[in-house]
Structure formats: C-alpha cells, structure tokens
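Side chains are part of it too, since the values below use all heavy atoms of this structure and drop only hydrogens, waters and symmetry mates. Lettering follows sequence order; numbering is per chain, from 1.
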Protein chains: 2
Amino acid sequence: MYSKSEENYLKAIYHLEAIAKHGVSTNAIAGEMETKPSSVTDMVKKLADKGLVNYVKYKGTTLTEKGKKAALGVVRKHRIWEVFLLETLDFQWDEVHDIAEQLEHIKSQELINRLDKFLDYPDYDPHGDPIPDKNGNIKSAEKKLLAELKKGNQGQLVGVRETSPDFLQFLDKRSIAIGSKIKVLGKEFFDGSMVIQVQGEQFFISKKIAENLYIHI
Amino acid sequence: MYSKSEENYLKAIYHLEAIAKHGVSTNAIAGEMETKPSSVTDMVKKLADKGLVNYVKYKGTTLTEKGKKAALGVVRKHRIWEVFLLETLDFQWDEVHDIAEQLEHIKSQELINRLDKFLDYPDYDPHGDPIPDKNGNIKSAEKKLLAELKKGNQGQLVGVRETSPDFLQFLDKRSIAIGSKIKVLGKEFFDGSMVIQVQGEQFFISKKIAENLYIHI
DNA sequence: ATAATTTTTTAGATAAGACTAACTTTTTAT
DNA sequence: ATAAAAAGTTAGTCTTATCTAAAAAATTAT
C-alpha cells in the first residue's frame with residue numbers, strides 16, 4: 001500500500017494535528033521525523049499528489065479523510081504490537097517503542113486482526129492511548145493524568161508516563177497496575193499530593209507520582 | 001546491522017549453497033531473488049567488500065563464516081515467526097510465508113529470543129525445517145520425504161510440502177499431525193504406495209501422499 | 001578447435017528518500 | 001512600515017537498489 005516512509009509521515013502528521021489544530025508546519029514535521037525541512041516539503045507534495053494530505057505552500061499540511069484513515073491504521077498496528085510486546089513477551093515499558101516502530105510497517109491486515117483477537121481486543125495500549133478499531137474508530141476518550149483529577153473523581157489506570165524501574169517497583173509494591181480502579185479521596189492544594197483508594201486500600205502519593213499515571217474516567 | 005536487501009541475498013545464497021555445493025551461480029541467485037543477474041553482481045560485490053561472501057568473478061559465490069552466521073540469523077527469525085503465526089495466531093500453512101518474509105527483518109535480537117521462549121524453544125518450523133539456535137547451530141538433521149523411507153524405517157512427522165485444504169483434511173481425518181510417529185510397514189515397488197502405522201492405526205497411502213510429508217528419523 | 005550459445009559483468013539510467021546550499025515567503029521586531 | 005529573522009521551498013547532489021543494453025568470459029556443440 002504505502003511505503004514505510006510515507007506511513008511514518010502520515011503518523012507524524014496525525015500526532016501533530018492533535019496538538020497544533022491549525023495545519024501542521026513543515027518544521028514541526030521535520031522535528032517529529034528527525035529529518036530536514038526540505039525533505040518534508042518533498043514528501044508532503046508526494047502525499048498531496050496521492051490525496052492523503054491537504055498541502056498549501058508556506059501554510060501547512062493537514063490530513064485528508066483518506067490520509068487520516070491510513071494514519072490510524074498505522075497507529076492501530078503500533079499500539080497493538082506494543083500490547084503484545086508487553087503482555088505476551090514481557091518486555092519492559094521502555095523497550096517496546098523502537099520495536100513497535102518497526103513492526104507497525106508489516107503489511108498484513110490479517111496479521112493485525114489475528115493479533116488483536118489473540119490479545120482479546122484491547123482498548124488501550126500500555127501507555128494508556130486508545131487503540132483504533134479496524135475501521136479507524138477510537139471509541140474511548142483520551143487519557144488524563146491522575147494529577148488533573150479532583151477530590152471525588154475516579155477512574156481506571158490505563159498507563160504510565162515514567163517507566164523507570166524505581167517507579168514501576170513503587171507501583172508493584174502497592175499492587176497498583178494497569179486496569180486498577182483509582183479514586184481520589186483527598187487532594188492537598190499546597191503540594192498537589194493526594195490520598196487515593198485502590199482496590200479497598202488507601203495510599204498517600206505525591207504530586208510527582210500523580211503526574212506519571214494516566215487515567216480514564 | 002545489514003539492510004533488508006542484504007539479508008535477503010544472504011538467505012538466498014545460504015539456501016542455494018545447500019543444493020549447489022560448488023559456489024552459487026549469479027543466475028541461480030537472480031532466480032531465487034527474482035531480480036536480474038546484473039543486480040546480483042552488484043550486490044555480491046558489496047557483500048564481498050563487507051566480508052560476508054567469497055566472490056570470484058565468473059566463478060560463483062560462497063558464504064564466509066561471517067556471512068553464514070548472518071544468514072542463519074535471518075533463517076532463525078523466519079522460522080520462529082512461522083511457528084508463531086501458525087501456533088499462536090492460527091494462520092494457515094500457505095499464509096505464513098509472505099508475512100514471515102517481512103517479520104524476519106525486524107531488528108531486535110531480544111525480540112526473537114523472547115518469542116523463542118514464548119513458543120517454548122521449538123526445534124522445527126511448521127515445514128519441518130530445523131530452527132538454528134542463538135549461536136547459529138542447527139542441532140538436528142535435515143528432513144526427509146516419507147517417500148524416501150524404506151520398509152521398517154520410522155520417524156516423526158515434522159512438516160508438509162503440499163498445503164492444499166484437501167491434503168490437510170486428508171491428514172486431519174486420519175489424525176496424522178505434526179509430531180506424529182510414523183512407521184513404514186510396507187512399500188510397493190510398483191507404484192511407491194505404502195502401508196504406514198500412525199499411533200497404533202494402519203493406513204494405506206499413495207506415493208503422492210508420501211511425497212508431501214516431511215519426516216525426521 | 002573453433003563457432004555458437006549461455007552466463008556473467010560493466011556501464012549508464014532510474015526511482016525513492018534523504019541531504020546541502022541558495023533563494024523566497026512569511027513572521028517578528030523595531 | 002520596513003528591516004531582520006525565521007520558516008519554507010527549490011535546485012541539485014548522494015545513496016541504495018534496481019534496471020536495460022552492450023561487452024566479455026565461459027561453456028557447449030559441431
């Protein structure tokens with residue numbers, strides 16, 4: 001279908017669109033892709049010719065519907081492979097990205113669908129990002145940081161930001177894991193620390209901890 | 001490490017060496033790779049510069065130790081992925097090759113080792129070909145066709161050559177599967193047909209059937 | 001043994017994707 | 001409002017891996 005390079009550009013533009021909202025700049029794409037702006041210009045022209053992006057000279061680039069669909073296909077593959085690497089092969093959080101970056105370009109719809117089934121149709125990847133379905137639909141809301149929640153809010157732990165052994169051990173010791181239901185019992189204005197409830201147990205956590213846990217409400 | 005293309009050439013030369021034995025011809029490589037001989041000449045020169053093959057103009061190409069090790073690495077990856085696709089994702093025999101052809105180029109030693117562990121260190125792929133270990137050692141003998149065995153010989157079914165639904169159903173009905181122990185009770189010189197014993201039961205099979213079953217003695 | 005055929009190599013061309021350097025447009029600052 | 005800076009584009013080059021066409025070497029046939 002599309003080349004590895006084209007797929008990577010589409011993915012980069014997709015991610016940047018979520019932040020920029022007003023047409024993605026050539027420089028931004030170059031930053032994300034770790035290439036030079038001139039290379040980006042060449043590629044977005046090519047993608048525009050294929051109907052995957054809207055490109056206006058000097059103005060910026062946006063995905064067309066076709067381009068968005070293609071980008072979501074790559075995102076879906078990336079996130080499903082990440083789940084596989086972590087859940088099935090027991091990789092560490094920080095090891096999966098580079099490998100998923102390669103695996104996401106394997107050409108086979110059937111492969112990803114079977115993998116999805118094998119993993120029992122996960123909704124989120126290990127970073128808490130939602131996995132688009134076969135048709136490119138993302139059912140679920142975007143994740144929030146635990147630190148953003150208020151007293152009384154509750155949700156489900158869907159991912160972590162920090163992946164250092166120290167931090168992961170901290171969570172392990174308290175049996176806080178992906179999928180855990182977390183409720184904010186109290187929040188200190190002074191330092192942002194919290195008292196949370198996880199499976200019946202209560203814990204005091206600092207703001208720094210709360211800023212590294214992704215939650216879905 | 002090496003490019004996808006380089007890996008494919010190394011693998012092709014490895015497979016051809018097993019048959020040709022006397023230095024692989026440029027045309028043979030071109031046939032295997034589905035490229036033109038001139039492309040092969042270019043590539044084997046490049047591989048020779050990297051110390052991966054011995055190349056003598058007009059004479060042929062052989063793998064160096066370094067090249068053989070690299071080729072075995074690719075073969076190992078290919079075969080482990082094939083096991084994964086068949087055993088874990090329930091693909092059909094004939095669907096796995098093209099996908100494994102892509103997956104074998106994923107750069108990560110750790111990935112393949114973890115996959116190997118997950119699959120419980122298989123010795124053979126679904127076609128009955130032995131899987132090299134981490135160090136490139138192939139413990140086991142090469143497979144033989146059941147048709148090559150003589151009366152009284154016995155072995156284990158390690159793979160099939162034909163993968164048509166008709167043939168696979170034929171085996172299924174008789175509970176003949178990978179791993180089955182097969183003994184040749186009789187063999188007809190006239191047409192090569194056989195009487196075999198599989199898990200206590202006896203079956204009459206034609207030469208055509210026997211030519212599509214791979215056995216390890 | 002020499003001619004015909006086949007195999008292999010060389011030379012030059014092409015496409016994809018990236019780069020540098022120079023130039024143009026847009027944005028920012030005075 | 002215009003000069004300076006930043007952002008973006010163009011033109012031309014490079015690398016990898018291919019190809020075609022022509023030339024050279026090796027093999028086969030008479």
Using OP1 and OP2 only, check whether a side-chain N or O of A:N27 sits under 4.0 Å from D:dA6.
no
Quick one: closest heavy-atom pair of A:K144 and A:L149, and the distance?
CD-CD2, 4.3 Å
Mind listing the N/O atom pairs, protein and nucleotides 19-23 of chain C, below 3.5 Å?
| residue | atom | partner | partner atom | Å |
| --- | --- | --- | --- | --- |
| C:dC19 | OP2 | A:K36 | N | 3.0 |
| C:dC19 | OP2 | A:S39 | OG | 2.6 |
| C:dT20 | O4 | A:S38 | OG | 3.0 |

Sugar-phosphate, base or nothing in reach of B:K4, heavy atoms under 4.0 Å
nothing
Given B:K11, which partner from the list B:E6, B:E101, B:E32 fulfils the salt bridge (charged side-chain N to carboxylate O under 4.0 Å, His left out) test?
B:E101
Are any of A:Y9's side-chain N or O atoms less than 4.0 Å away from OP1 or OP2 of C:dA16?
no
Can you label the angle between the A:W81 ring and the A:F84 ring as parallel, tilted or perpendicular, going by 30° and 60°?
perpendicular
Counting only heavy atoms and a strict 4.0 angstrom limit, can you tell me which residues of residues 47-61 of chain A come near DNA chain D?
A:Y55, A:K57, A:Y58
Considering residues, nucleotides and ligands other than B:K134, do more than 12 of their heavy atoms fall under 6.0 Å from its NZ?
no
Taking all heavy atoms of A:G155 and all of A:I215, pick out the closest pair and write down the distance.
CA-CG2, 3.7 Å
Which is it for B:H78 and B:E7 under the side chain to side chain contact (heavy atoms under 4.5 Å, CB included) test, yes or no, and what are the steps along the way?
CA-CA 11 Å; B:H78 183 98; B:E7 286 187 347; over 6 Å; no
Protein-nucleotide distance (A:E7, atom CD; C:dA16, atom P), rounded to Å
16 Å
Please work out whether the ring planes of B:Y124 and B:H216 are parallel, tilted or perpendicular, with thresholds of 30° and 60°.
tilted
Report, as yes or no, whether the 6.0 Å neighbourhood of atom NZ on B:K50 holds more than 12 heavy atoms from other residues, nucleotides or ligands.
yes
Has B:T41 got a side-chain N or O lying under 4.0 Å from the OP1 or OP2 atom of C:dT10?
no
Find which nucleotide of DNA chain C each of A:E6 and B:V24 is nearest to by heavy atoms, and output the residue with the more 5' nucleotide.
B:V24
Rounded to whole Å, please give me the gap between CD1 in A:I29 and C1' in D:dG8.
11 Å
